[in-house]
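Everything below concerns the one structure shown next.
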Amino acid sequence: MPDARLESRLGGLPGRSSATETGTKWAAISAFWREYPHLMRKRALDALEAMSSARPLREDAPARAGESLGSARAHDSLLADLTDAQREAVITTEGPLLILAAAGSGKTRVITRRIAYLLAQGVPAWQILALTFTNKAAGEMRQRVEQLLGEDGGDAGAPRGLTISTFHALCARLLRRFAPLMEGRPGWSLRADYSIYDSDDQQSLMKRVISEAGLQTSNWPPRTILAGVSAAKNRLQGPSDFAEMAKQSGDFFARTTARLYESYEKALRQANAVDFDDLMLLTVRLLRDSEEARRQVQERWRYLMIDEYQDTNHAQFVLSTLLSVGAVAPDGRTLPPNICVVGDPDQSIYGWRGADISNILEFEAQYPGTKVIALGQNFRSTAPILAAAGALIRHNKRRKHKDLFTKRPGGAKPHVILCADEHHEADVVLGWLKGLIAAPSEGEPPPTWKDMAVFYRNNFLSRVVEDALRRAGIPYIVARGTAFYQREEVKDALAYLRLIANPADEVSLRRIINKPARKIGNSTIARIENFAAAERITLLEAMRQVERAPGLTTAAGSAVRRFLSLIDAWTGGGSFLGQGVPESLADLVGRVLAESGLEAHYKRTSEISPGDEEGSDKYANLRELVSSARDFEEEYDAAADPAQERVGADAAPPPLLAMLRAYLESVSLVADADTIDPAAGAVTLMTLHAAKGLEFGAVAIVGLEEGLLPGQRAMEAQDGVEEERRLCFVGITRAMRHLLITSAARRTSRGLIERTIPSRFLDELPKEQIEVVDRSEEFGEAHDELEASGWGRSAADRRPARRASNGSASSGGSTAARSTGKAPAEAPFPVGAKVRHPQFGVGTVASFQGRGVNLRAVIEFRDVGTKTLVLQYARLQQVE
DNA sequence: TTGCGATCCCTTTTT
DNA sequence: GGGATCGCAA
């Protein structure tokens, strides 16, 4: 420990954040404790006292910080190459611990060492629970722990019983295991064979719910409703709580959402399915309501660690309180829980998804006696890059101030290049990447493609960059949208499997009932549906009684029966026993693919359009699914399957069915981010969100423009810009040695060329630490010509005055999103004008909103009421 | 019932 | 520019 400099221990309580938010948070917490007094721990005073005695209160507790240092050789190697602060974080094993781990401060290293240290202290592996947000993070953590243990000459390989899992996977397991305990409770209808719906499934379900409620999906977009539902679930609000809230606010939209939430929930339960948010919400309910489940969970896990704590939402916060109950000391006192959270408020970028940054800002207040350790030394980036990141993030108001620092001198200045348009921008990025390869800096390892990444705010920005890279023959991978298990053909196959595992799963049934086409068309389905509704039976059950359904032709009836016999052949009529039933999972998957006709269907479509790479991939993907099932089968350990440890009275499911359920669960919880593979020999393209937790030698961030970064919607939300700034900060701090930031003066969006305003974040970078080059005039002529040739409107119409392009004014200027009583200059007609819409008829223009291509008119139609229309699309005609 | 083409509407970020 | 939906023809 050569460096005596202490960077740890931010003393005292965090600066007060907004008083109201703190207030509601506390109200929620105290209401929670009031409701569940049996969970009540000895509160602040007791806890503080216990902490201040600063020695183990339990016989078997590991020694506290410092006392046993150096006593065991294993510890030396675990602690050797750590800073003082890092070491402190590793050896503080007891009580609540908050580790503020700045970007690049060796967070993962600390967590994995801490787990290894706990094990070395003799803590049984099964008492340790580490939670992450992605499978990838969990996998890496496990791997690195195994590595550490291997090096130490201990038993190599995974310590049995150590739980490192994502929140979602943990909840899925707990629900599957403990669902039988909840059977028969009012309002609980989930069985252990439930399906997990991803966002596609959610949407198709919500679509149906909306139309069954007699509403138009055009007026009530499923996405928007689902966002409201998701937010409610993240706050642990059920349909009735939400309805109550909506009633009080008197908001029509909220009231309708509440109604749809209730029906959606009913439909989910009918399908014996849960969505992602339910996993958390229902687990909280389970642990609150079932004493038995709670006892088992709390007796097992004694050391809880949570990674990326700044991204937890309210449900996850409550879940963590339920999982982390302090042990009882020999003298009968309750000890503070051993909960260790790691995070960085400056990297909180999931507020829009319900992440509650106050969970980390107020951790100390929530857990009295918390020890706080700040890791501020950065081991990743060069000084100029850190300076840029630090200068940017200092513009955030709501923030615990802390500066990143590095001990390594030198490094190239980050480049900022202003480009003419997005094609120019892509060329600039391309040239920069090539330049790094061609002329590597001295004293650095020569960079390769895999050390480089391009980040952007929105997925659609990747296209132009992709095109440029492809043309230049540079290998690249896009970490994007469609993970393997989300692809159309794979989801089709999984839908068959899910139907087998959970016959109530209507979303899956509807997906594949006529795919590939087997003459069960919409009218047939509608008739069966009516029959099912009348008889109050599931869709599948209605199909089984198809001869009783009215109005069906014999041809339709036999098509339905053929479908059913297909399913029954795979499952042995549901028993999974007897002749002809597949013996292995891979066997089952293979037969489903072949006999359903899916395989032939996709093989055929790939032969029809052989030029289509996507098409021919689909068949290969289906084959790939079979081998994924085989892999799963080999690794599957029935004894370790939580669903196999029966806690209720039910008989165990047939082994194949149990394995199938476990398989489906595992594939449902795979996310896009998990597929990112920095080891591939290619430039990585990804969103800024996906970049969190990664690092690259060289990073380019494109599209630094108002409306893009910060994004339009974020700018309208409260504290939205601060989150966007953090997002930008995350991007910058991924870069180890080289950083390029670009913006384009013009950008084509929705087929229209638009002038842009450089992002305010560019102004916030430290001028003397970066190199700015303005190349936005290059190629200007060519594009002006193009621009002038296109559209019916005059050039002036399409050019909203560019506000102080370089400027100081960018912060104060009012963005024109608000509705105005006056018509903007580019509006084709004045307020009060009479217009005709092809569909809505005649109306009067009340006001305008937005500008440029987003210029919208609020029009009071004579017949259909008030509508807000985007002028560019509305095809309005002025009438005299 | 199926499949294709015209047409409408729109663009965050993801477990 | 593109994805989803709808209507129409076979």
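Note that the structure is a prediction, hence the values are computed from the model and not measured. Proteins get letters first, then strands, A, B, ... in listed order; numbering begins at 1 in each.
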Exercise for the section: Using distance alone, with no hydrogens and no angle criterion, decide if Ser628(A) and Tyr663(A) have a side-chain donor and acceptor under 3.5 Å apart. Expected result: yes
Exercise for the section: May I ask you to say what Thr166(A) touches in the nucleic acid, namely base, sugar-phosphate or nothing, with a heavy-atom cut-off under 4.0 Å? Expected result: nothing
Practice task
May I ask you to decide whether Glu265(A) forms a salt bridge with Lys233(A), counting only side-chain N to carboxylate O separations under 4.0 Å?
Solution key: yes
Handout entry: Contact nearer the 5' end of DNA chain B, comparing Thr132(A) with Arg518(A)
Key = Arg518(A)
Exercise for the section: Please indicate yes or no: is the ring centre of Phe133(A) less than 5.5 Å from the centre of the six-membered base ring of dT15(B), with the two planes inclined by under 30 degrees? Expected result: no
Practice task
May I have the distance from Gln203(A) (atom CD) to dT14(B) (atom C1'), rounded to whole angstrom?
Solution key: 13 Å
Exercise for the section: Check every strand shown and say whether Asp198(A) touches a base, only sugar-phosphate, or nothing at a heavy-atom separation below 4.0 Å. Expected result: nothing
Exercise for the section: Report the relative orientation of the aromatic rings in His689(A) and Tyr350(A); use parallel for angles under 30°, tilted for 30 to 60°, perpendicular for over 60°. Expected result: tilted
Practice task
Could you check how far CG of Asn458(A) sits from P of dC10(B), rounded to whole Å?
Solution key: 17 Å
Problem - Short side-chain N/O contact from Thr748(A) to OP1 or OP2 of dG1(C), under 4.0 Å - result: no
Problem - DNA chain B: 5'-proximal contact among Ala517(A) and Glu723(A) (nearest heavy atom) - result: Ala517(A)
Exercise for the section: Could you tell me whether the phosphate oxygens of dT13(B), OP1 or OP2, come under 4.0 Å of any side-chain nitrogen or oxygen in Arg457(A)? Expected result: no
Exercise for the section: For Phe167(A), answer base if it contacts any base atom (sugar-phosphate contacts may also be present), sugar-phosphate if it contacts only those atoms, and nothing otherwise; contact means non-hydrogen atoms under 4.0 Å. Expected result: nothing
Handout entry: d(CD1, Ile349(A); P, dT12(B)) in whole Å
Key = 17 Å
Problem - Value in whole Å for how far the P atom of dT2(B) lies from NE2 of His601(A) - result: 11 Å
Exercise for the section: Using only side-chain N and O atoms of Asn459(A), determine if any of them is under 4.0 Å from OP1 or OP2 of dT12(B). Expected result: no
Exercise for the section: Using whole Å, report how far CD of Gln310(A) lies from P of dT13(B). Expected result: 20 Å
Fill in the blank from the handout: To the nearest angstrom, the NZ-C1' distance between Lys519(A) and dG3(B) comes to 13 Å
Exercise for the section: Taking atom types as modelled, find out whether Asp344(A) and Tyr309(A) have a side-chain donor-acceptor pair closer than 3.5 angstrom. Expected result: no
Practice task
Quick one: sort the Phe253(A) and Trp220(A) rings into parallel, tilted or perpendicular, breaks at 30° and 60°.
Solution key: parallel
Problem - Listed nucleotide nearest any side-chain atom of Arg713(A), set dT15(B), dT12(B), dG2(C) - result: dT12(B)
Exercise for the section: Compute whether any side-chain donor of one residue and acceptor of the other, for Thr748(A) and Glu422(A), lie under 3.5 angstrom apart. Expected result: yes
Problem - Phosphate OP1/OP2 of dA4(C) contacted by Lys207(A) side-chain N/O (<4.0 Å) - result: no
Practice task
Classify the nucleic acid contact of Lys692(A) as base, sugar-phosphate or nothing, counting any heavy atom under 4.0 Å across all strands shown.
Solution key: nothing
Practice task
Would you classify Phe460(A) as touching base, sugar-phosphate or nothing, given that sugar-phosphate means primed atoms plus P, OP1 and OP2, and contacts are heavy atoms under 4.0 Å?
Solution key: base
Handout entry: Spacing between Met206(A) atom CE and dA4(C) atom C1', to the nearest angstrom
Key = 19 Å
Exercise for the section: Indicate, with a heavy-atom threshold strictly under 4.0 Å, whether Thr524(A) touches base, sugar-phosphate, or nothing. Expected result: sugar-phosphate
Exercise for the section: May I ask you to verify if any side-chain N or O of Thr687(A) is less than 4.0 angstrom from the OP1 or OP2 atom of dT14(B)? Expected result: yes
Fill in the blank from the handout: Whole-Å distance, Met280(A) CE to dT14(B) P, equals 17 Å
